[in-house]
Amino acid sequence: MVDMSNVKLRIENIVASVDLFTQLNLEKVIEICPNSKYNPEEFPGIICRFEEPKVALLIFSSGKLVVTGAKSVEDIERAVNKLIQMLKKIGAKFGRAPQIDIQNMVFSGDIGMEFNLDAVALSLPNCEYEPEQFPGVIYRVKEPRAVILLFSSGKIVCSGAKSEHDAWEAVKKLLRELEKYGLIEEEEEW
Amino acid sequence: RLRKWQSRLRVSDAAERNLAFALSELDRIASQLSLPRHVEEEAARLYREAVRKGLIRGRSIESVIAACVYAACRLLKVPRTLDEIADISRVDKKEIGRSFRFIARNLNLTPKKLFVKPTDYVNKFADELGLSERVRRRAIAILDEAYDKGLTSGKSPAGLVAAALYIAGLLEDEKRTQREVAEVARVTEVTVRNRYKELVDKLNLKIPV
DNA sequence: GCTTTAAAAAGTAATAT
DNA sequence: ATATTACTTTGCAAAGC
């Protein structure tokens with residue numbers, strides 16, 4: 001069994017798509033969004049930032065949103081409800097509850113051990129390592145689908161997971177592979 | 001039927017034209033970089049294989065050719081920095097790097113096959129800097145020790161080699177400036193300085209004043 | 001494909017002082 | 001020469017070009 005007791009994971013960012021099921025007049029919406037930007041020429045949505053909860057929202061005329069920068073799923077729900085309250089003031093009607101889909105979660109973490117990335121790249125199948133272009137090993141996990149960046153410090157970044165559970169599963173798979181190829185117990189033998 | 005043949009002919013025509021363009025671009029790069037014939041041939045093989053596997057879709061022929069040249073250099077241990085290739089290519093370094101990683105993934109060019117020993121970079125840079133065999137050996141010894149102490153993971157191989165040559169030059173009384181080593185390695189002076197500091201500190205090197 | 005948004009890792013690069 | 005800021009990599013949705 002892989003020892004995960006020293007492994008840490010922290011949510012850094014959550015990206016969600018949201019459907020409000022209402023068409024929006026962005027020209028009107030822009031009036032009630034304090035710190036927002038709207039340049040249809042360069043991007044079709046309104047870029048709006050909330051300070052509490054601290055997130056960024058992309059608002060589209062279709063009534064669909066993209067919420068990014070959240071540190072928890074609850075932050076996303078609060079941000080969506082906050083926006084809905086604001087939209088009600090300009091006459092938007094909401095017939096049903098918004099649909100929120102978590103699309104991507106980004107985690108930073110630590111495996112609690114240092115790695116010789118040359119050794120990792122030599123033995124770990126299906127990984128990429130180009131230190132001239134990026135300092136970490138890139139490892140793609142098929143199921144659950146996620147990508148892990150592994151650094152020599154043992155720190156990691158896991159992205160693409162749709163839940164915290166999936167992220168832990170992905171990291172567990174990476175650790176099993178590292179263990180399988182004898183890359184875990186190394187201490188001095190670089 | 002006839003239309004089908006015509007469209008097939010058109011397709012093969014386009015394919016041949018693209019291949020001809022790709023190979024002429026390869027020729028241009030290879031001659032400007034003075035690449036050995038076998039490297040150019042390997043790059044051509046990689047390119048044909050990439051086309052066969054449909055890896056060109058969504059990528060420019062030029063970026064894929066440049067990527068194949070870089071891959072061939074890595075496979076055949078003929079040191080060339082990505083910057084040198086990007087200099088004479090119409091596409092930027094970032095795009096060539098993306099194409100390179102993409103074909104590496106799909107043509108099964110593993111990190112092991114692509115690995116170029118720091119020694120090869122030491123010799124290339126030392127040639128351009130006119131440094132002696134003694135300096136080269138000293139630089140390699142420094143790099144070996146740095147590797148053993150875990151100081152090289154994640155760092156730019158070119159930056160490490162540049163710093164090792166800079167230090168070895170100082171120790172063997174064949175000094176080259178940080179600017180000179182940085183230039184041949186295609187890294188900045190700040191990178192040379194950062195690697196230099198770390199190597200001197202952690203390997204307890206005594207630099208003559 | 002591109003455009004925009006968010007955040008981390010650790011390295012390198014560009015620019016300022 | 002150093003400090004700060006910025007960019008590299010990963011993942012994803014949105015609407016439109």
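Within every chain, numbering begins at 1; the chains are lettered A, B, ... in the order of the sequence lines, protein sequences first and strands thereafter. Owing to the predicted nature of the structure, the values given are computational and were not obtained by experimental measurement.
Atom CG of A:Asn104 is separated from atom P of D:dT10 by 13 Å (rounded to the nearest Å). Atom CG of A:Leu65 and atom P of D:dA14 are 11 Å apart (whole Å). If you measure from atom CG of A:Asn39 to atom C1' of D:dC17, you get 16 Å, rounded to the nearest angstrom. If you measure from atom CD1 of A:Ile138 to atom C1' of D:dT9, you get 5 Å, rounded to the nearest angstrom. As a whole-Å value, the separation of A:Glu130 CD from D:dT10 P is 12 Å.
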Could you go through residues 3-13 of chain A and list every donor-acceptor pair under 3.5 Å that involves a side-chain atom there, pairing it with any protein atom two or more places apart or in another chain?
{"residue": "A:Asp3", "atom": "OD1", "partner": "A:Ser5", "partner atom": "N", "Å": "3.0"}
{"residue": "A:Asp3", "atom": "OD1", "partner": "A:Ser5", "partner atom": "OG", "Å": "2.6"}
{"residue": "A:Asp3", "atom": "OD2", "partner": "A:Ser5", "partner atom": "OG", "Å": "3.3"}
{"residue": "A:Arg10", "atom": "NE", "partner": "A:Glu12", "partner atom": "OE2", "Å": "3.3"}
{"residue": "A:Glu12", "atom": "OE1", "partner": "A:Lys71", "partner atom": "NZ", "Å": "3.2"}
{"residue": "A:Glu12", "atom": "OE2", "partner": "A:Ser108", "partner atom": "OG", "Å": "2.5"}
{"residue": "A:Asn13", "atom": "OD1", "partner": "A:Gly69", "partner atom": "N", "Å": "2.7"}

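Side-chain contact of B:Glu95 with B:Ser63: a donor-acceptor pair under 3.5 Å is absent, judged by distance alone. Checking A:Arg140 against A:Asn126 by side-chain atom types alone, no donor-acceptor pair falls below 3.5 Å. For the residue pair B:Ser132 / B:Glu172, no side-chain donor-acceptor distance below 3.5 Å is found, with atom types taken as modelled. A donor-acceptor contact closer than 3.5 angstrom links the side chains of A:Asp101 and A:Gln99. A donor and an acceptor atom, one from each side chain of A:Tyr129 and A:Asp118, are nowhere located under 3.5 Å apart.
Residue A:Ser62 is classed as a sugar-phosphate contact, given heavy-atom separations below 4.0 Å to backbone atoms only. Residue A:Val67 is classed as having no contact, given no heavy-atom separation below 4.0 Å to the nucleic acid. Here A:Ile47 lies in heavy-atom contact (under 4.0 Å) with sugar-phosphate atoms only. A:Val106 comes within contact range of at least one nucleobase, with a heavy-atom separation under 4.0 Å.
Around atom NZ of A:Lys93, no more than 12 heavy atoms belonging to other residues, nucleotides or ligands sit under 6.0 Å away. When the shell of 6.0 Å around CD of A:Glu169 is examined, it contains more than 12 heavy atoms from other residues, nucleotides or ligands. Applying the 6.0 Å contact sphere to CZ of B:Arg28 captures more than 12 heavy atoms from other residues, nucleotides or ligands. Around atom CG of B:Asp201, more than 12 heavy atoms belonging to other residues, nucleotides or ligands sit under 6.0 Å away. For NZ of A:Lys28, the number of neighbouring non-hydrogen atoms (other residues, nucleotides, ligands) closer than 6.0 Å is 12 at most.
Contacts of residues 8-31 of chain A with DNA chain C (heavy atom under 4.0 Å): A:Glu12, A:Asn13, A:Val15. Looking at residues 154-161 of chain B, you'll see B:Gly154, B:Lys155, B:Ser156 sit with a heavy atom under 4.0 Å from some atom of DNA chain C. In the region residues 89-106 of chain B, proximity to DNA chain D at under 4.0 angstrom, judged on heavy atoms, holds for B:Lys94, B:Arg98, B:Arg101.
Note that the first and last nucleotides of DNA chain C, 5' to 3', having any atom under 4.0 angstrom from a heavy atom of chain B are C:dC2 to C:dA14.
By the 4.0 Å N-to-carboxylate-O rule, B:Arg134 lies too far from B:Asp173 to be salt-bridged with it. Under a 4.0 Å N-O distance rule, the pair B:Glu84/B:Lys124 qualifies as a salt bridge.
When the P atom is used for both D:dT8 and C:dC2, the distance is 12 Å, rounded to whole Å. Between C:dG1 and D:dT10, the distance separating the two P atoms is 12 Å to the nearest Å. On the P atoms, C:dA8 is 22 Å away from D:dA3, given to the nearest whole Å. D:dT9 and C:dT12 have their C1' atoms separated by 13 Å, given to the nearest Å.
Between the side chain of B:Ser153 and the backbone N or O of A:Leu117 there is at least one donor-acceptor pair closer than 3.5 Å. In this structure, the side chain of B:Lys77 engages the main chain of B:Phe115 through a donor-acceptor pair within 3.5 Å. Judged by distance alone, with hydrogens and angles left aside, the side-chain atoms of B:Lys113 form a donor-acceptor pair with the main-chain N or O of B:Asn108 at under 3.5 Å.
Criterion: ILVMFWY side-chain heavy atoms under 4.5 Å apart, direct or through other members. Under it, A:Leu149 and A:Leu124 are not part of a common hydrophobic cluster.
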Review point. Tell me, what's DNA chain C's dot-bracket, Watson-Crick or G-U with both distances under 3.5 Å, | for other-strand, [ ] crossing?
Key: |||||..|.||||||||
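Of the residues near DNA chain C, A:Lys155 and B:Val190, the one whose nearest nucleotide (by heavy atom distance) lies more toward the 5' end is A:Lys155. DNA chain D is contacted by both A:Leu58 and B:Gln178; B:Gln178 maps to the nucleotide lying nearer its 5′ end (nearest heavy atom per residue).
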